[in-house]
**Student:** 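What follows is a structure written as structure tokens; I'll ask about it next.
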Amino acid sequence: MEKIAKPSWLKIRPPSGEKYLELKGLLRELNLFTVCEEARCPNVSECWGGGTATFMLMGDTCTRGCRFCAVKTAKNPEPLDVQEPKKVAYAISKLGLRYVVITSVDRDDLEDHGSSHFAETILNLKIHDPELMIEVLTPDFLGRREWIQKIVLARPDVYAHNIETVERLTKGVRDRRATYRQSLSVLKMIKEIHPDVYTKSSIMLGLGETDEELLQTLKDLRSVDCDVVTFGQYLQPTSKHLKVSNFVSPENFARWQEIAEDMGFLYVASGPLVRSSYRAGEFFMEGVIKRKRAQIGLVQKPETHLTTGV
């Protein structure tokens with residue numbers, strides 16, 4: 001398939017500025033990684049310029065090989081940095097953030113695929129600042145309930161797991177270990193374990209999906225009580241990755257936002273450069289979480305009996 005030229009609405013400003021350089025220096029000093037850099041996010045200039053970043057746990061190398069993703073892959077990445085949960089808490093304190101997003105690579109090489117490490121990071125953040133609002137974006141952990149439960153019981157405010165694309169395209173887009181139905185089951189499990197946790201998922205457009213398939217995906221997400229959905233344009237990171245099938249216009253993104261809102265999602269972000277970690281969405285969820293906390297009169301605390309094994 002011949003490469004399609006990018007339209008004018010996908011022009012991306014190169015990263016620069018004092019805040020960008022300050023954040024980059026802090027990350028290098030602590031040997032921390034962000035999905036902003038590793039996945040070549042088009043919004044890195046906007047977010048880092050505002051002093052925010054999505055921290056990526058467990059290194060910069062993934063054990064899976066999704067055909068859309070720019071993150072490096074290997075069967076046996078470097079061992080975990082056991083100090084990483086504390087380093088992330090320190091970095092966030094230096095940035096003075098009120099809302100943070102934590103994600104990770106897949107680590108199928110680890111005994112519990114890194115779920116304990118993920119939970120340990122959330123617990124460190126809450127110990128450091130009990131009022132901090134935390135969103136996590138996790139792998140599927142092979143749909144293992146006990147591993148997902150570790151993270152839910154650490155009490156993030158928002159738990160995201162991405163469906164990525166429509167069911168028909170999943171096999172050719174994602175790693176063979178990641179399936180459409182498994183991702184739906186993860187989102188369902190989160191609500192079963194703790195209904196108060198907001199759930200979130202993201203869909204890439206421009207991979208060859210049809211309107212009917214997209215509508216079915218939204219219905220499937222609502223069937224498992226997914227609260228938040230985001231739509232963004234797939235951008236080919238390198239010549240070795242999947243080619244873009246089509247570029248979706250801003251008007252079509254606006255149409256899908258309206259459709260999803262009418263279906264009852266709590267919040268919808270939709271646009272060519274929208275990604276699962278998206279600042280406008282974070283601001284909205286921050287307001288929702290603040291109002292919820294005010295109503296119940298307390299800050300959500302992790303389960304005291306939780307043992308992470310780290």
Side-chain angles (χ1 to χ4, degrees), residues 35 54 57 99-104 106 113 115 118-119 121-122 125-126 132-167 170 174 178-204 214-232 256-257 259-270 274-278 280-293 295-296 300 302-303:
V35 74
T54 298
L57 303 179
Y99 189 109
V100 299
V101 183
I102 308 294
T103 189
S104 76
D106 279 272
H113 288 213
S115 57
F118 222 120
T121 302
I122 299 168
L125 291 171
K126 286 185 172 287
L132 186 68
M133 285 166 265
I134 303 170
E135 176 178 324
V136 297
L137 170 59
T138 79
D140 58 30
F141 298 113
L142 295 180
R144 293 278 293 273
R145 190 182 185 95
E146 65 271 29
W147 296 346
I148 293 163
Q149 182 167 287
K150 288 181 185 181
I151 298 170
V152 177
L153 294 184
R155 298 306 296 274
D157 297 283
V158 180
Y159 194 134
H161 173 67
N162 290 342
I163 199 84
E164 306 293 10
T165 188
V166 300
E167 187 166 18
T170 296
R174 303 173 71 188
T179 72
Y180 182 89
R181 293 291 155 185
Q182 185 164 273
S183 287
L184 285 175
S185 74
V186 168
L187 291 164
K188 184 180 180 182
M189 267 181 227
I190 296 162
K191 285 291 192 182
E192 288 173 347
I193 296 165
H194 213 298
D196 287 344
V197 176
Y198 294 108
T199 51
K200 176 179 175 183
S201 199
S202 186
I203 306 170
M204 296 178 289
L214 267 178
L215 186 59
Q216 184 59 53
T217 301
L218 291 175
K219 289 177 180 177
D220 289 341
L221 289 173
R222 287 301 296 135
S223 75
V224 294
D225 294 325
C226 183
D227 298 300
V228 177
V229 67
T230 67
F231 299 90
W256 280 109
Q257 177 163 348
I259 290 169
E261 287 172 346
D262 288 345
M263 292 177 71
F265 286 95
L266 176 66
Y267 178 75
V268 182
S270 183
V274 168
R275 295 297 180 262
S276 19
S277 303
Y278 186 63
E282 291 168 24
F283 293 149
F284 178 86
M285 290 309 299
E286 183 176 351
V288 168
I289 294 163
K290 280 181 178 177
R291 288 192 295 273
K292 181 178 178 180
R293 288 181 177 181
Q295 287 173 355
I296 61 178
Q300 298 293 342
E303 300 290 338

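All figures in this text were calculated on a predicted structure; none of them were measured in a lab.
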**Student:** Do you know the tightest heavy-atom contact between Glu135 and Ala160?
**Tutor:** OE2-CB, 4.4 Å
**Student:** Give a yes or no answer on whether the side chain of Ser201 reaches the backbone of His161 with a donor-acceptor pair at less than 3.5 Å.
**Tutor:** yes
**Student:** Below 4.5 Å, heavy atoms only, C-beta onward: do Thr230 and Lys200 meet side chain to side chain?
**Tutor:** yes
**Student:** Could you state the interatomic distance from NZ (Lys126) to CE (Met133), rounded to the nearest 0.5 Å?
**Tutor:** 10.0 Å
**Student:** Given Tyr180 and Asp220, is the side-chain contact (heavy atoms from CB on, under 4.5 Å) satisfied, shown in steps?
**Tutor:** CA-CA 10 Å; Tyr180 182 89; Asp220 289 341; 2.6 Å; yes
**Student:** For Lys191, does the NZ atom have more than 12 heavy-atom neighbours from other residues, nucleotides or ligands under 6.0 Å away?
**Tutor:** yes
**Student:** How many angstroms lie between atom CG of Leu57 and atom OG of Ser104, to the nearest 0.5 angstrom?
**Tutor:** 6.0 Å
**Student:** Does the side chain of Leu221 come within less than 4.5 Å of Ile203's, by heavy atoms?
**Tutor:** yes
**Student:** Enter the distance from Met204:CE to Asn162:CG here, rounded to the nearest 0.5 Å.
**Tutor:** 8.0 Å
**Student:** For the pair Asp157 (side chain) and Ile134 (backbone), establish whether a donor and an acceptor sit closer than 3.5 Å, ignoring hydrogens and angles.
**Tutor:** yes
**Student:** For Pro139 versus Asp106, what's the shortest heavy-atom pair and its separation?
**Tutor:** CB-OD1, 3.0 Å
**Student:** Mind listing the closest non-hydrogen atom pair of Val197 and Tyr159 along with its distance?
**Tutor:** CG1-CB, 3.7 Å
**Student:** Between CG of Asp225 and NZ of Lys188, what distance do you get to the nearest 0.5 Å?
**Tutor:** 9.5 Å
**Student:** Asp140 side chain to Ser183 main-chain N or O, any donor-acceptor pair under 3.5 Å?
**Tutor:** no
**Student:** Can you find a heavy atom in the side chain of Val158 that is under 4.5 Å from one in the side chain of Ile289?
**Tutor:** yes
**Student:** Which heavy atom in Phe118 sits nearest to a heavy atom in Ile151, and how many Å separate them?
**Tutor:** CB-CD1, 3.8 Å
**Student:** Would you indicate whether the side-chain heavy atoms of Met189 and Gln149 approach each other to under 4.5 Å?
**Tutor:** no
**Student:** Is the closest side-chain heavy-atom distance between Leu125 and Ile102 below 4.5 Å?
**Tutor:** yes
**Student:** So, the side chain of Arg222 versus the backbone of Cys226: is there a donor-acceptor pair under 3.5 Å, distance only?
**Tutor:** yes
**Student:** Does Lys292 make a cation-pi contact with Tyr198, if we ask for NZ or CZ under 6.0 Å from the ring centre and within 45° of the axis?
**Tutor:** yes
**Student:** Show the nearest heavy-atom pair for residues Phe265 and Leu218, with the distance to one decimal.
**Tutor:** CZ-O, 3.8 Å
**Student:** For a quick test of reading the model, state the closest non-hydrogen atom pair linking Trp256 to Ser270 and the distance between them.
**Tutor:** CB-OG, 4.4 Å
**Student:** With a 4.5 Å cut-off on side-chain heavy atoms, are Lys290 and Arg293 touching?
**Tutor:** no
**Student:** Using the side-chain contact (heavy atoms from CB on, under 4.5 Å) definition, which of the options Leu153, Ile190, Thr138, Leu142 pairs with Ile148?
**Tutor:** Ile190
**Student:** Spell out, as yes or no, whether a donor-acceptor pair under 3.5 Å connects the side chain of Asp227 to the backbone of Thr199.
**Tutor:** yes
**Student:** From Ile163 CD1 over to Gln182 CD, what is the distance, rounded to the nearest 0.5 angstrom?
**Tutor:** 10.5 Å
